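What follows is one structure encoded as structure tokens, with my remarks underneath.
Below, chain A is the first sequence line, B the second, and so on; all start at residue 1. Bear in mind the structure is a predicted one, so any value in this text is a computation, not a measurement.
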Amino acid sequence: MTSPEPETVRVRFAPSPTGFLHVGGVRTALYNWLVARGQKGTMILRIEDTDVERSTEEAVTAILDGLRWLKLDWDEGPDVGGPVGPYRQLERYTLYRDAAQRLLREGKAYPCTCLPEELAARREAARSAKPAPQHLCPCRTAGPTPGRRQAIRFSATARARVGWDDLVQGRIEVAADEIDDFIILRSDDRETPVYNFAAVVDDALMGITHVVRGADHIPNTPKQILLYEALGYPVPAFAHIPLVLGPDREKLSKRHGDVALQAYRDQGYLPEAMINYLVRLGWAHGDQEVFTREELIKAFQLERVGASPGIFDRAKLDWLNALHIRQTPLDVLADLLAPFWGAAGVDPRTVEARSRTWLVQAVALFVERSKTLLEMARSMAFLFAPPAARDPKAEAKFLTPDHLALLAETRQALAQAPDFSAEALEDLVRRLAEARGRKLVDYAQPIRVALTGTTVSPPIFPVLALLGREVVLNRLARILGPG
RNA sequence: GUCCCCAUCGUCUAGCCCGGCCUAGGACAUCGGCCCUUCAAGCCGAUAACGGGGGUUCGAAUCCCCCUGGGGACACCA
């Protein structure tokens, strides 16, 4: 009772719903979540939809779905509510207006009636000017032009330097005269706030203690600090995590291919693998590469996040995904595969027609050789229907007249095999090979090509057992032709 | 252009804060080998990095400065 209540950590993930949930954003969400869960703090989800033009409901849905899929849960947010809501900026306009009014009253902001064209022209001129002009907008001293729409501009007057101790980047400082007065409320009918203003008002009102976001926000931070001070709010701690880059070392974007989380889900990446991959991109815990969620919560420290950007490496993601697939129980995998049959060209009904034990046995044969669930479903397709086409090179190599003769003999033996189990079949075919002084490959590969259409498959005898005598004999007959 | 940030193998990184234990460690990828009915998985091995230059020091990947290179931001977008 006497010990003071430790200040609880409050962090937030604040995406703008203008597109899909980007893997870079996912990592930001993950780091925030890890901070919250690791310190028994609070994770807040806030939707930054003040850009009415570009924000969409679909994007909001995609963001929530994506986070749920990854099991990155939040304690307060648009769907669950919370004590400092609402959690959509669209519903918080009066808060921003009130804050702006206060700054206006206190002389810390002023109405601006500059036209966008005027501003653009002055900006253009300023770019080449030797000493950069102090202000792009004259309204602060000249006053607003009557009869024009008014925006509200913040007076960025401050002491010589603005700086902060960034939890991952270290000390960052800029000269205060680098910061020109900036718009906080637009001149539109609804007087919508601009990002920097809305973010500060919200973070302050929501009691955010640690702002964990992408390094692309570093240039915004001095402006925001000025705003916190003008508004009389405590300045939170900042942690700017390095950007995720594409192979060309530029900020990851659509032109780099798959950047939407959904793309990875649709290709059969597991949430555990995505998290495991993303967390290690910019952070390390000794030499450990593989983590469970619990281990991450325990081990993660913001201070251990590196300051340099990292390139998204699909190959390593693949490795981790394969690894997490192998660690997933077979029956769970069987369920996880369900959404992928269609894309793999398999009629889901033929899958449902099989027993659960059969399916699990089948999955067991493919876990070790699949990088994604989609890939697994695809390579399992031949179990449910004869291969649509056979690899011509495989045929040329393993369905020669010589091989076909062996195959015909094998088919006879299989037809009469008393026991169609993998072990018995292997024993049987090995005997055949031995009797003729041939290698097992000369039997295994032709069978494989005949049944699967390719030279690659799990061990052939378990496959035979799984397919069952009837299917096997039929498919072999099709290769061997009549007679 | 201006401001800010970053800099260890191809990639993710350990080491850097608190200089010697670093002949720079691990992982992915790549290339060999083993195993083997194919492919995987597994195991063994190989290639591969402190961007450059000045300092400081007995000693620097580690501290300081400069250069170079890369990136980010410069909106009534977020």
Side-chain angles (χ1 to χ4, degrees), chain A residues 14-19 48-51 53-55 89 112 114-116 119-120 123 126-129 132 136 149-153 166 169-170 172-175 178-180 182-188 191-196 198-199 213-222 240 242-243 245 247 249-251 277 280-290 303 306-320 322-323 326 365-371 379 394 398 426 429-430 433 439-449 452 454-461:
Chain A
S16 65
T18 54
E48 308 222 323
D49 50 4
T50 56
D51 184 350
E53 297 292 305
R54 298 194 299 147
S55 296
Q89 293 188 325
C112 163
C114 295
L115 266 18
L119 260 7
R123 202 158 7 242
R127 198 171 282 268
S128 46
L136 248 30
R149 301 193 67 100
Q150 296 191 343
I152 307 299
R153 197 176 278 274
D166 198 279
Q169 304 284 342
I172 299 180
E173 274 190 2
V174 295
E178 290 294 330
I179 308 168
D180 191 12
F182 53 94
I183 299 286
I184 55 178
L185 237 46
R186 298 188 181 96
S187 62
D188 57 7
E191 299 180 288
T192 57
V194 132
Y195 167 75
N196 276 317
R213 75 221 312 189
D216 48 347
H217 284 289
I218 289 176
N220 289 321
T221 309
H240 288 95
L243 297 178
L245 310 180
R249 305 195 154 273
E250 284 185 29
K251 188 159 78 162
Y277 175 70
R280 278 288 284 100
L281 187 53
W283 173 84
H285 185 245
D287 285 339
Q288 188 171 354
E289 294 285 352
V290 183
E303 294 74 13
S308 52
I311 296 171
F312 190 87
D313 181 15
R314 184 65 164 259
K316 188 156 186 182
L317 206 212
D318 282 348
W319 170 72
L320 273 168
L323 196 138
R326 276 177 260 137
L365 294 179
F366 291 85
V367 236
E368 246 171 30
R369 53 208 102 224
S370 305
K371 288 201 281 286
S379 50
F398 294 111
E426 174 161 1
V429 176
R430 275 189 193 280
K439 289 191 201 156
L440 190 55
V441 210
D442 294 328
Y443 289 81
Q445 283 303 69
I447 297 175
R448 182 168 277 121
V449 175
T452 74
T454 73
T455 55
V456 174
S457 89
I460 199 64
F461 301 112

Would you mind classifying the nucleic acid contact of [X] as base, sugar-phosphate or nothing, using non-hydrogen atoms under 4.0 angstrom?
X: N220(A); answer: base
X: P222(A); answer: nothing
X: G282(A); answer: sugar-phosphate
X: I311(A); answer: sugar-phosphate
X: H217(A); answer: base
X: F366(A); answer: nothing

Side chain of [X] only, heavy atoms from C-beta on: which candidate in [options] is closest?
X: V194(A); options: U38(B), C76(B), C28(B); value: C76(B)
X: R54(A); options: C3(B), A78(B), U38(B); value: A78(B)
X: E426(A); options: G26(B), U37(B), A41(B); value: U37(B)
X: R280(A); options: A73(B), U13(B), U2(B); value: U13(B)
X: I172(A); options: A78(B), C4(B), A73(B); value: C4(B)
X: D287(A); options: G25(B), C12(B), A78(B); value: G25(B)
X: L243(A); options: G72(B), C12(B), U38(B); value: G72(B)
X: A315(A); options: U38(B), A41(B), A29(B); value: A29(B)
X: V174(A); options: C4(B), C39(B), C6(B); value: C4(B)
X: T455(A); options: C76(B), U38(B), U37(B); value: U38(B)

Which whole number of Å gives the distance between the [atom1] atom of [N] and that of [M]?
N: C21(B); M: C74(B); atom1: C1'; value: 47 Å
N: G53(B); M: G69(B); atom1: C1'; value: 14 Å
N: C17(B); M: C65(B); atom1: P; value: 15 Å
N: G55(B); M: C28(B); atom1: C1'; value: 38 Å
N: G19(B); M: A24(B); atom1: C1'; value: 15 Å
N: G54(B); M: U62(B); atom1: P; value: 14 Å

For C112(A), run the side chain to side chain contact (heavy atoms under 4.5 Å, CB included) check against R153(A), Q150(A), R149(A) and tell me which one passes.
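Result: among R153(A), Q150(A), R149(A), R153(A) is the only option passing the side chain to side chain contact (heavy atoms under 4.5 Å, CB included) with C112(A).
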On the side chain of [X], is there an atom forming a donor-acceptor pair with the base of [N] - under 3.5 Å, no angle test?
X: D313(A); N: A29(B); answer: no
X: E289(A); N: G26(B); answer: yes
X: R430(A); N: U37(B); answer: no
X: S457(A); N: C39(B); answer: no

For the pair made of [atom1] in [X] and [atom2] in [N], what is the distance, rounded to whole Å?
X: K316(A); N: C9(B); atom1: NZ; atom2: P; result: 15 Å
X: W319(A); N: U30(B); atom1: CH2; atom2: P; result: 13 Å
X: E173(A); N: C3(B); atom1: CD; atom2: P; result: 15 Å
X: F182(A); N: A78(B); atom1: CZ; atom2: C1'; result: 15 Å
X: D216(A); N: C6(B); atom1: CG; atom2: C1'; result: 14 Å

Under 3.5 Å for both donor-acceptor distances, Watson-Crick or wobble: does C58(B) have a partner, and if so which one?
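Across all strands, the one nucleotide that pairs with C58(B) is G20(B).
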Could you tell me which nucleotide pairs with U11(B) by Watson-Crick or G-U wobble geometry, both distances under 3.5 Å, or answer none if nothing does?
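Result: A27(B).
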Below 4.0 angstrom from OP1 or OP2 of [N], is there any side-chain N or O of [X]?
X: T50(A); N: A78(B); value: yes
X: K251(A); N: A73(B); value: yes
X: R123(A); N: A75(B); value: yes
X: R249(A); N: U11(B); value: yes

Exam field: side chain [X] to backbone [Y], donor-acceptor pair closer than 3.5 Å:
X: Y195(A); Y: T50(A); answer: no
X: D166(A); Y: H240(A); answer: yes
X: R448(A); Y: P458(A); answer: yes
X: E191(A); Y: L185(A); answer: no
X: D180(A); Y: L136(A); answer: yes

